[in-house]
Structures are given as C-alpha cells and as structure tokens.
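Scroll down for the structure; my scribbles are underneath it.
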Amino acid sequence: MIKNPARYLVTSALPYANGPIHIGHLAGVYIPSDIYTRFLRSAGREVIHICGSDEHGVPITLKARNEGITPQEVVDRYHAINKKAFEDFGITFDIYSRTSSEIHYETASEFFRQLYDKDIFIEKSSNQYYDEEAACFLADRYITGTCPHCGNENAYGDQCEKCGTSLNATDLINPRSVISGSKPVMKETRHWFLPLDKYEGWLRQWILEDHTEWKSNVYGQCKSWLDAGLQPRAVSRDLDWGVPVPVEGAEGKVLYVWFDAPIGYISATRELTPEWEKYWKDPETKMVHFIGKDNIVFHCIIFPTMLRAEGSYILPDNVPANEFLNLENDKISTSRNWAVWLHEYLQNFPGQQDVLRYTLCANAPEAKDNDFTWKDFQARNNNELVAVLGNFVNRALVLTDKYFNGSVPARGATDEYDREVLSQISLLKEKVETALEGYRFREALKEAMNLARLGNKYLADTEPWKVIKNDPERVKTILNISLQITANLAIILDPFLPFSMERLREGINSNESRWSMAGSDSLLPEGHSINTPSLLFRKIEDDEIEREVKRLLQTKKDNEDNSSSASPAKENITFDDFSRLDIRTATITEAVKVPKTKKLLKLTLDTGIDHRTVVSGIAEYFEPEAIVGRQVALVINLAPREIKGIESQGMILMAEDKDGKLVFVQPSDRVTDGSEIR
RNA sequence: GGCGAGAUAGCUCAGAUGGUUAGAGCGCAUGAUUCAUAAUCAUGAGGUCCGGGGUUCAAUUCCCCGUCUCGCUACCA
C-alpha cells in the first residue's frame, strides 16, 4: 500500500454501452468513487477520476442488428444517455470518454503492439466457422442452428435460449450464419493469447502476499482463481466491431473486448491530459479501481498482468469491489426492467439527487449483497436527512435569524461542555477521513451524520430558546457554536451530498469547502451574515412511495404476462417424422443423485419392456425419494448417451416454464407401463 | 459437486491480533421539550451472535462438519 502518494488515479468501471444506468451501478461503483474523489479534491490532493463507455463486443453488434442500426448508433445513444445521467447525479469524472474514440484505437493498438513486439503473446490456430458469403469468421453468437439438446431450431452458437444449455458452435446441428443465412464452413483462423499462466507466480506474490489488505471478497476471489490455475486467454477475435489487431495479416480481427476495455482507462487519461504518463507510470501515483464484483478477475488479475507484461505501467494499489444491490428483494435485471433507472428517478424526484446518493451510500453493498427498498428510501430521507440533518441546520439558522437578524453572533466565554462539543468536530472529521481512506463509505457517512446529531443534542442540552429570556449573551455563544457545526457540515458532508451542501453554503453565505478547514471552530466569523434559511430536504410522502412500488408491481405483472406468451411453434413435421418417436409410459423404480453434480438424477425406470437407466437434469426440483413410484412419459428410442460416466437410455418428458421450473408430464390415470403415447 | 463471499437485535449493518454486562442507526415503548419540516433530546424493551462438534481457563471471534443465501465453475439429451 502506498503511503503519502504524490497523486491519485481513480478509475470507475466503464459502463457497457448497451443500456442505461440504474441504481445498482450507482451504489456499487459510482457513488463510492465519486465520494472518494470529491474527498481527495477537497483535501487538496492531486487526483483525476477516469471513466467512459465500453463500446465494443458482441452484445452491442447483436443489439444493432436487432434494431436495424449500426453498432456505432447503439453506442452513441447509450453513451449520451449515460454521460448525462452521471452529470445529473453529480458524478464528477474528469473525463467521460469512450472506447470508440480515435485516441482509444491508437492507445489500444499501441499497447497490443508493445506486447506483440516483446513476444509476450502465444499464437495459436484453430478451426472456426466462416461465412463465405459475408466473407468473415462467425462469433458463436452469430451462428444459429438446432440445439442438440432440446431440438430448438434457433439456438445460438454459445447458448440455447430455450433450454439454457451453453453450447459450442460446433455442437449445433444444421448451423446457419445469422449474417447471410448461408451454411458456414470450417476454416482455420489464427489468434493471439495472453499467457496468464506464466504470470501466476508473480500474481500470487503481488496479491496474496503484498495486498493482504484488499477486501475479503476481492482477495478471496483472486485466491480462488489463482488456486484453480490460470490459462492463456485469447486477446483477439474474428469480428468487425472493435479495435483492429494491428498486425499484418490480421484483417477481420479485433481486440477482444476484455483486452480493449481496461485500456480505455489509459486512453481516456491521454485524452484528458498530455501529462497522462505521470499518472500511469510514476510509482508515486496511487491507482484505485472502483468496480462491481463481476469485474474482479479483470481488474485484479488480467489487467495487472497486461500492465506488468508491458512493463512501464504502475499497478492498482487497491480494487475496492462492491457486491450487488437488489431491488425490493429481487435481483436487478435490465431485461426484466426490474430496476430504478437514473433518468426515471429524476423525473419522479426532481432535484433530489442527494436523497438517492445518501440512501445508496448508507446502504451500499460493501460486504455483501444488499437490498434497496422504497420504504427504506423514504425512511432514510424522512428520519435522517430531514429529521437529523435538515432539521439541525434549519434550527441553527432560524434561531440566528430570529435572535440576531441573521448575523453570526460573537462567541463569548465557553464552558466545558462548549469546548467538548467543539473538540468533537475535529474528532468526527478525522473519523470520516479514516473511513474514507479505507474505502468504508457507509461508516464515513454515518460519522459525518453524527456531526448533525451532535448539533441537535447541543441545542437540546443548551436550550437557547429558553436562555434568550434572561441571558442573551449566552445565546450568542450557543448559536455561534451551532453555526460553526453547520459550516463544518457543509464541508464534511460535501463529498456525499454535493447538491445540498452547495445550497447550505449559499445559505450560510460561505464558499468554504476545503477539507483542511473542517474541524475548525471558527469557520464563520462574528458579524458574518447568513441568508434567510430555506429547507435542505423535504419529507417524502407515502403516496410518492406507493407510486414507485406500484410501478414495480406492474413491471412484475408485465413480466408474468410476457412469460406466459409461449414461444413460436416449430416447423411442421410429417406424420412419419412423428411416428418415429416412441414415447411410452414408465414408472420410476429407483432414483439417486449423481455424485458431484447439482442437477443430475440417475433414474431406473420400468418401461414394461425392460428396466433401464436414465440420467435426468431435474435434481434441483425433485427429491429422489419423492419421485419413486411416479409414472412418467419416456422417449424410449432416443439414442443412448453417456453422461457423467453413466449411459442414459432415453429421456423423460418434462414441461418447463419460463423460469425453468420443471414438472412431469404424466398420464392422468395410471396405465400399464409401456403404453404408447401418441 | 468444486471454489469464493456471507449468515449478529423487527430492519440495515459494526464487531483488529479470542477475555468482564455483544454495539450503532432506524423502528418500537416511556418520559422530557417546543427553536425546528409532528422534527429534537433522554431512558428502556428487544439478541440459544445459523445449527452441531472441537481447541482453550475463556469463542460471536480460531478449527472441523452441516444448513441457508449470493457469485464464479462443472453438469442438464
């Protein structure tokens, strides 16, 4: 861990430009990184905060294809939306760049070239599907065909969306190119690989020995990867959307998105400043990557290996990855529209960015997945922001307004309690600071709020509204101290609640937000005039929350309706095709779990003809004991297949709903085993 | 199945290197108060620290075995 770095380089995960940003992104990555950088800036440290859109990769090309537009149009759209969303929420990047920019192409090419020239990569050839009409290699996603498992004729080369099986393109029966519809042919293609395995020893030392201070989820995940052993990883693919591989004879190949994306941090820095190298190459720079847990392996293992292989770059000092945020007890999902989108939030709660910032920080998934509920959001706002913070500030200002015409009264003689309270200010400041430096943002926010609690308590204890009647001099001191607390809040809470604290500073007529000034007991001089107070936060009423909850319930309902819409019918077959299938009733006589699997049961069935063994992927839904004796429908003339070393002789018919839940298809009355089903 | 992370008051979470009555915020109850957005302040109730073993004079904290949740991974004819 670097002590007293000369400067900081803070990066926030590049959001993938195929969708808008939601509260999960904000809570996991951008709120913490923004608080961190705002704090560093306020503390006068040299810091830059880098982010941008990650715009390459297959999903974007598919989205473009589906919508009949170009990939560039897709990324232009989301780049604009997300850039604005970040600005609206006060996420202060020094630059929000994008990986489709010219400077990124240049940077990524150079980086690749450096490693290439140093002979870091392994070159390997393999056979892949090639579309002769379109004259290009086909990524797995660009091939459809019949799923060898479920017979779905529109399975993708990487996965069958019907049965959920992950596939290799070569598994597909009757493969077709998505681009031209033609039948692809196998053709040799060459790719470059980053030999991660060669860096294993170095990585073990660097992470497991030198960075034991990393968060347990991060450290554990890295250890898991390292213990499992690393494999060389392809850095190029056959695709036309991305950074071309800058090597002769590599036409039609681009850098794999995982290789190209983190370099986006570097190119964005280059775009920002000609002095980019001092941020990336001076060991006095402290680099910190803010990411979500899905990105740990890239930022802790792969990117550092790239940087190390190149040789002239520094490595991250820490990678404070957060866990995931759930929404109302359910996983956030873009495709299921189960999310609170940033632009929607601002429509419903205009001007209330800080409320969301506060809630998401106070409830950030730092150590484990966490749940966002609207009810909690309302409670945090009403019971904490309004009742504790807004209320204290308002009390201090209103009293000053009322008793001293809005002019900061002189602080006279202080008693022991006054001095105790004043000393608490700098104590709390230090606690906030320590927590922030350790990436403990929830704790930092809590301590910062304790300053407002201190203020409330101070007022309750000193009761200036009573004292004013017979000792106005004493009230001057009390309010002076209350106002010093207020002015300190405007600094200490600024990284967390920038919009509100800006307004608070307007209220107290101050523009002091330097962290070094926090802790001072004399931020506001005697006679300094403050403005007529306005409220910092407003209560959020039940009906506003109900509105949001209703919207989510509607989403849930819509999803159910959608899921009830059945998938389209397959192509017609002849009666002969059908009669080739031999489906019979059969009774399960034995059922045991296949060892070392999660889904597989080994079943023995009485088919009326014989007793046979079938392996079936239903263990997640059925206990072995519970299904013995059950009569089922069985395809008995399916070619046998070995699964986990067991020969499976047939297939039990199951109905599967959209969520993957399985139920048996069985005769409504018991019939003789071996009865034909047709 | 393997690996990683987590399981602590009604809710959301803290609990270095094991040590007297296990903490905080919110919620709840009671009292005080009225400057303040019915806000604040004080006090209190509430916990077999997931279960079971073990090490130890002593375990929420260490070890082993389970259970459940989340992620990665294998498997789903």
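Each chain gets a letter, A, B and so on, in the order the sequences are listed, and its residues count up from 1.
Note on Asn456(A): only backbone sugar-phosphate atoms sit closer than 4.0 angstrom, heavy atoms only; bases stay farther off. Residue Lys331(A) is in sugar-phosphate contact alone, with no base atom involved, counting any heavy-atom pair closer than 4.0 Å across all strands shown. Across all strands shown, Val614(A) has no heavy atoms under 4.0 Å from either base or sugar-phosphate atoms. Nucleic acid contact class of Glu384(A) (heavy atoms, under 4.0 Å, all strands): sugar-phosphate only. Heavy atoms of Val398(A) sit under 4.0 angstrom from primed sugar atoms or phosphate atoms, though from no base atom. Among the heavy atoms of the strands, none lies under 4.0 Å from Tyr219(A). As judged by a 4.0 angstrom heavy-atom cut-off over every strand, Lys402(A) is placed among residues touching the sugar-phosphate backbone only. Within 4.0 Å of Leu479(A), counting heavy atoms only, lies no atom of the nucleic acid at all. Among the heavy atoms of the strands lying under 4.0 Å from Leu535(A) is at least one base atom, whether or not backbone atoms are also near. Heavy atoms of Leu399(A) sit under 4.0 angstrom from at least one base atom. Contact annotation for Lys368(A): backbone-only contact, meaning every heavy-atom pair under 4.0 Å involves sugar-phosphate atoms and none involves a base.
rG10(B) and rU56(B) are spaced 35 Å apart, taking the P atom of each and rounding to whole Å. Spacing between rA32(B) and rU12(B) at atom P, rounded to whole Å, works out to 34 Å. Distance noted for atom P between rG53(B) and rA58(B): 15 Å (whole Å). Distance check on atom C1': rG18(B) versus rG54(B) gives 15 Å, rounded to whole Å. The gap from the P atom of rU34(B) to that of rA22(B) amounts to 37 Å, rounded to the nearest Å. Look at the C1' atom in both rG31(B) and rC70(B): the space between them is 44 Å, to the nearest Å. Distance noted for atom P between rC62(B) and rC49(B): 16 Å (whole Å). The separation of rG23(B) from rC65(B), taken at their P atoms, amounts to 32 Å, rounded to a whole angstrom.
Here rC68(B) sits opposite rG6(B) as a Watson-Crick or G-U wobble pair (both hydrogen-bonding atom distances under 3.5 Å). Taking a pair to require two hydrogen-bonding distances under 3.5 Å in either a Watson-Crick or a G-U wobble arrangement, rU56(B) remains unpaired. Under the Watson-Crick or G-U wobble criterion, with both distances below 3.5 Å, rA24(B) is paired with rU12(B). Pair assignment for rC49(B): none, as no Watson-Crick or G-U wobble contacts are both less than 3.5 Å. Base pairing of rU17(B) is not made with any nucleotide, judged by Watson-Crick or G-U wobble geometry with both donor-acceptor distances under 3.5 Å. Across all strands shown, rU61(B) remains unpaired; no Watson-Crick or G-U wobble contact has both distances below 3.5 Å. Using the Watson-Crick or G-U wobble rule with both distances under 3.5 Å, rC35(B) pairs with nothing in any strand shown. Across all strands shown, rA42(B) is found opposite rU30(B) as a Watson-Crick or G-U wobble partner, with both distances under 3.5 Å.
Checked against the 6.0 Å centroid criterion, the rings of Phe441(A) and Phe496(A) do not qualify as a close aromatic pair. Aromatic ring centres of Tyr358(A) and Phe537(A): separated by at least 6.0 Å.
Contact between the side-chain N/O atoms of Arg453(A) and the OP1/OP2 oxygens of rC26(B) is found at a separation under 4.0 Å. Side-chain N/O atoms of Lys457(A) include one lying less than 4.0 angstrom from OP1 or OP2 on rA42(B). Dashed line: the shortest gap from a side-chain N or O of Lys215(A) to OP1 or OP2 of rA5(B) is not under 4.0 Å. Put simply, Asn383(A) has a side-chain N or O that comes within less than 4.0 Å of OP1 or OP2 on rG27(B). Contact between the side-chain N/O atoms of Ser216(A) and the OP1/OP2 oxygens of rG6(B) is found at a separation under 4.0 Å.
When rounded to the nearest whole Å, the span between CD of Glu544(A) and P of rU37(B) equals 18 Å. A straight line from CD of Glu366(A) to P of rA14(B) spans 8 Å, rounded to a whole angstrom. Taking atom CG of residue Asp330(A) and atom C1' of nucleotide rC70(B), one finds them 13 Å apart after rounding to whole Å. Summarising the geometry, the separation between CG on Asn329(A) and P on rC70(B) is reported as 11 Å, rounded to the nearest angstrom. Summarising the geometry, the separation between CD on Glu323(A) and P on rA7(B) is reported as 11 Å, rounded to the nearest angstrom. Distance, Leu536(A) CG to rA36(B) P: 16 Å, rounded to whole Å. Between the CZ atom of Phe537(A) and the P atom of rU37(B) there is a distance of 16 Å, rounded to whole Å. The nearest whole Å value for the distance from the CG atom in Asn381(A) to the P atom in rG27(B) is 13 Å.
With 3.5 Å as the limit, one finds no donor-acceptor pair spanning the side chains of Thr477(A) and Asn480(A). At a cut-off of 3.5 Å, with distance as the only test, no side-chain donor of Gln378(A) or Asn381(A) sits close to an acceptor on the other residue. Donor-acceptor pairing under 3.5 Å is recorded for the side chains of Trp225(A) and Gln221(A).
Among the nucleotides rC35(B), rC76(B), rU12(B), the one closest to any side-chain atom of Trp465(A) is rC35(B). Proximity note for Asp369(A) (side chain, C-beta onward) versus rC70(B), rC26(B), rU12(B): the nearest is rC70(B). Relative to the side chain of Lys466(A), the nucleotides rU34(B), rG71(B), rC76(B) differ in distance, and rU34(B) lies closest. For Ile643(A), taking side-chain heavy atoms from C-beta onward, the closest of the listed nucleotides rU37(B), rC35(B), rC75(B) is rC75(B).
A salt bridge does not link Asp197(A) with Arg233(A): none of the charged nitrogens is closer than 4.0 Å to a carboxylate oxygen. No salt bridge links Glu443(A) with Lys446(A); every basic N to acidic carboxylate O contact stays at or beyond 4.0 Å. Electrostatic pairing of Lys293(A) and Asp369(A) counts as a salt bridge here, judged by a charged N lying under 4.0 Å from a carboxylate O. Look at Lys368(A) and Glu323(A) and you find no salt bridge, because none of the NZ, NE, NH1 or NH2 atoms lies under 4.0 Å from a carboxylate O.
Sequence order on RNA chain B of the closest nucleotides to Ser616(A) and Ala367(A) puts Ala367(A) first from the 5' end. Remark on RNA chain B: of its neighbouring residues Ala379(A) and Lys293(A), the 5'-side contact belongs to Ala379(A), judged by nearest-heavy-atom nucleotide.
Between the side chain of Glu200(A) and the backbone N or O of Gly229(A) there is no donor-acceptor pair closer than 3.5 Å.
Base orientation of rA7(B): anti (glycosidic angle beyond 90° from 0).
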